[in-house]
*Asks:* 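Structure in structure tokens, see below.
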Amino acid sequence: MGADTTTSNYWLNWRVFLCVVWVLTAMCLSSYLITKYEGPLNGKSRNRNEDEDEEDNDDDYGGVLYDDEVWKPCLKGIHPAWLMTFRIFAFFVLLILIILNAIVDGGSIFYYYTQWTFTLITIYFGIGSMLSIYGCYQYHNKVGGDRSEELDEEQAVRDEITNLPQSGKIIGAKNRRQPRQVAGFWGYTFQIMFQMQAGAVVLTDCVFWFIIVPFLAIKDYNLNFFIINMHSINAVFLLGDTALNSLRFPWFRIAYFVLWTCVFVVFQWIVHACIALWWPYPFLDLASSFAPLWYLLVALLQIPCYGIFVLVIKLKHFLLSKYFPDSNQYTL
């Protein structure tokens with residue numbers, strides 16, 4: 001326990017003012033990026049033909065996401081059921097861990113940013129499991145539909161022999177590519193959570209293993225099962241899903257990661273303004289004269305944390321393009 005956080009003297013000073021400026025600036029910039037780039041450009045129609053892609057890529061500018069990208073794997077040779085199975089398995093493992101952790105250590109675990117992030121990735125795999133189940137159903141229907149279209153094309157060839165103009169219309173209609181449906185609310189929510197937690201997982205795990213653990217080791221702190229798993233298995237499952245999925249990774253969605261962190265900070269401020277509690281992380285304590293510097297450093301730390309995952313995505317795209325050029329269906 002440090003200074004009493006419920007008094008006016010704790011909040012009415014230059015340190016708090018600077019920290020508020022940092023947080024509000026980050027939130028405003030993030031909101032601007034989301035408003036400018038999120039969704040199809042200029043509110044254009046959410047349906048378009050694939051054959052128009054080569055002529056006009058305007059809809060791809062910004063945060064457009066297609067419905068099939070939330071459930072299909074990055075390689076054509078991988079059945080969507082594999083991705084679905086992985087997501088269901090990850091969801092139940094993460095859900096069991098967070099429940100057991102809450103039972104053993106109590107509800108106070110949700111006072112930490114780590115548990116916030118762990119809960120987020122659990123919800124992510126829960127939504128992903130439902131979307132993959134729906135995608136497998138669509139994939140099954142599409143495979144059956146493709147077979148019937150092949151029979152229709154054979155019939156169109158027969159018609160061409162007897163009636164050339166009519167067959168030309170039929171063949172043209174059959175060969176016309178089907179429009180791709182842009183994802184709905186849950187698809188975009190899933191995509192946003194993917195990029196939000198990408199930065200959050202890297203931030204929590206890096207800070208824990210490279211900053212906190214060395215100090216805990218000096219004090220002979222016992223790292224238990226839950227502490228280790230909370231800062232390792234989340235990254236393992238996230239990287240596994242990243243390796244399999246087809247989700248895009250536009251840079252501007254770092255804004256959601258920044259907002260996620262800012263919401264946690266504001267939550268801590270509200271709680272401490274109402275109740276005199278210990279700070280879950282020492283650098284959040286506004287009583288220190290170095291508080292504005294700590295807040296600024298943590299804010300800047302989010303950029304390399306998000307950048308690490310961007311490099312992972314770039315590496316994935318490079319490897320798929322190099323070793324699986326014919327079956328690669330992942331786009332940046």
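Here, residue 1 is the first one in the sequence, and each next residue gets the next number.
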*Asks:* Using 0.5 Å steps for rounding, measure from the CG atom of Leu239 to the CG atom of Asn234.
*Replies:*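 It comes to 9.5 Å.
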
*Asks:* If I take atom CG from residue Asp105 and atom CD from residue Gln115, how far apart are they, to the nearest 0.5 angstrom?
*Replies:* 8.0 Å

*Asks:* Is Tyr134 reachable from Leu65 through a run of hydrophobic residues whose side-chain heavy atoms are each under 4.5 Å from the next?
*Replies:*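 Result: no, two separate clusters.
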
*Asks:* Tell me whether the centres of the aromatic rings in Tyr137 and Trp71 are closer together than 6.0 Å.
*Replies:*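 When the ring centroids of Tyr137 and Trp71 are compared, they turn out to be at least 6.0 Å apart.
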
*Asks:* Going by atom types only, do Tyr330 and Ser321 share a side-chain donor-acceptor pair under 3.5 Å?
*Replies:* no

*Asks:* Going from CG on Leu95 to OG1 on Thr119, what distance comes out if it is rounded to the nearest 0.5 angstrom?
*Replies:*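 Reported to 0.5 Å precision, the distance equals 9.5 Å.
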
*Asks:* Start with the C-alpha gap between Tyr295 and Trp22, add the side-chain angles, then the distance that decides, and say whether ring pair (Phe, Tyr, Trp, His ring centres under 6.0 Å) holds.
*Replies:* CA-CA 7 Å; Tyr295 273 75; Trp22 302 152; 9.5 Å; no

*Asks:* Kindly assign one of parallel, tilted or perpendicular to the pair Trp279 and Tyr10, based on the angle between their ring planes and the thresholds 30° and 60°.
*Replies:* parallel

*Asks:* Ring centres under 6.0 Å, that's the criterion: do Phe249 and Phe194 meet it?
*Replies:*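 Yes, ring centres under 6.0 Å apart.
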
*Asks:* If you take the centroid of each ring, where Trp contributes its six-membered ring, are Trp209 and His231 closer together than 6.0 Å?
*Replies:* no

*Asks:* Can you tell me how far apart CZ (Arg248) and CZ (Arg253) are? Round to the nearest 0.5 Å.
*Replies:*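 That separation rounds to 9.5 Å.
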
*Asks:* Testing the 3.5 Å rule here: is there a donor-acceptor pair between the side chains of Tyr256 and Glu38?
*Replies:*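 A pair is found: one side chain offers a donor N or O, the other an acceptor, under 3.5 Å apart.
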
